[in-house]
Amino acid sequence: MRALIAPRPGPAAIVASLCAAALLVAAPSSAAVSAVAAADTQPPTAPGRPAPVSATSTSITFEVAPATDNVGVVGYLAYRNGTPSGGIPTGAPNVLTVVSLSPNTYYFFTVTAWDQAGNQSQQSQGAWLSTTP
């Protein structure tokens with residue numbers, strides 16, 4: 001799983017990956033995607049504050065109240081101590097797992113949401129979450 005997080009891509013690469021993944025799942029026509037991207041300039045609302053679901057010595061899983069968007073949210077990006085850290089979707093789109101963490105350590109997490117046009121929300125309120133010993 002370490003390879004899924006490292007190296008850490010920049011926000012632009014993450015947006016592109018999230019948008020590409022959303023396009024593969026939804027499979028709209030390219031004309032529809034272009035029309036949505038060109039017309040959608042409104043960012044999603046900020047997701048809710050991260051709430052713990054589970055933790056191990058090297059990972060933390062948390063959920064956030066879903067963001068909303070005038071067209072639709074396609075993904076979420078976790079920030080660990082202010083730095084984009086990816087986050088692996090766990091099936092539910094608003095539940096993320098961050099891996100490659102140190103045991104028995106607190107991390108400050110916030111989350112942003114992205115829409116299909118690449119608009120990014122404001123960061124959520126933050127939460128301190130800890131790995132296990």
Side-chain angles (χ1 to χ4, degrees):
M1 285 194 138
R2 288 178 179 245
L4 295 175
I5 297 298
R8 294 183 185 131
I14 293 168
V15 171
S17 296
L18 291 172
C19 290
L23 295 176
L24 291 175
V25 172
S29 71
S30 60
V33 170
S34 296
V36 168
D40 185 9
T41 59
Q42 181 178 335
T45 61
R49 178 187 310 240
V53 172
S54 64
T56 69
S57 62
T58 59
S59 70
I60 295 174
T61 298
F62 57 86
E63 65 181 332
V64 294
T68 59
D69 185 64
N70 63 323
V71 176
V73 173
V74 297
Y76 295 86
L77 173 61
Y79 288 78
R80 179 181 68 208
N81 299 333
T83 302
S85 63
I88 303 164
T90 59
N94 56 319
V95 178
L96 299 169
T97 298
V98 178
V99 298
S100 300
L101 303 175
S102 297
N104 202 30
T105 303
Y106 276 90
Y107 295 93
F108 187 74
F109 288 101
T110 58
V111 178
T112 59
W114 298 89
D115 68 14
Q116 194 170 29
N119 300 311
Q120 179 184 19
S121 74
Q122 295 292 317
Q123 287 188 11
S124 68
Q125 292 182 338
W128 287 96
L129 304 175
S130 176
T131 52
T132 61

- Query: Can any side-chain N or O of D69 pair as donor or acceptor with the backbone N or O of V73 at less than 3.5 Å?
  - Reply: no

Tell me every residue that passes side-chain hydrogen bond (donor to acceptor under 3.5 Å, both in side chains) with [X], counting only those two or more places apart in sequence or in another chain.
{"X": "T56", "answer": "S59"}
{"X": "S57", "answer": "none"}
{"X": "T45", "answer": "T68"}
{"X": "S121", "answer": "none"}

[X] to [Y] - nearest heavy-atom pair and separation:
{"X": "V95", "Y": "E63", "answer": "CG2-CB, 3.7 Å"}
{"X": "A127", "Y": "P50", "answer": "CB-O, 3.4 Å"}
{"X": "P84", "Y": "L77", "answer": "CB-CD2, 4.2 Å"}
{"X": "T110", "Y": "G126", "answer": "CG2-CA, 3.6 Å"}
{"X": "A78", "Y": "V98", "answer": "CB-CG2, 4.0 Å"}
{"X": "A67", "Y": "Y76", "answer": "N-OH, 3.1 Å"}

- Under 4.5 Å between any side-chain heavy atoms of S54 and F62, yes or no? no

- Message: I want to check something: taking the side chain as every heavy atom from C-beta on, are D40 and D115 in contact at a cut-off of under 4.5 Å?
- Response: yes

- Let me see the working for T105 and T131 under side chain to side chain contact (heavy atoms under 4.5 Å, CB included), right down to the final yes or no. CA-CA 6 Å; T105 303; T131 52; 4.1 Å; yes

- Got a second to check how far N81's CG is from Y107's OH, nearest 0.5 Å? 7.5 Å

- Indicate whether the side chain of Q120 and that of T112 have a donor and an acceptor atom separated by less than 3.5 Å. yes

- Task: List in chain and number order the residues that pass side chain to side chain contact (heavy atoms under 4.5 Å, CB included) with P52, two or more places apart in sequence or in another chain; answer none if no residue qualifies.
- Result: L129

- Taking only residues two or more places apart in sequence, or in another chain, which ones meet Q125 in a side chain to side chain contact (heavy atoms under 4.5 Å, CB included)? R49

- Does the gap between the ring centers of W128 and Y106 come in under 6.0 Å? no

- Message: Could you walk me through whether I60 and F109 satisfy the side chain to side chain contact (heavy atoms under 4.5 Å, CB included) test, starting with their C-alpha distance in whole Å, then the side-chain angles of each, then the deciding distance to 0.1 Å, before giving a yes or no?
- Response: CA-CA 10 Å; I60 295 174; F109 288 101; 3.7 Å; yes

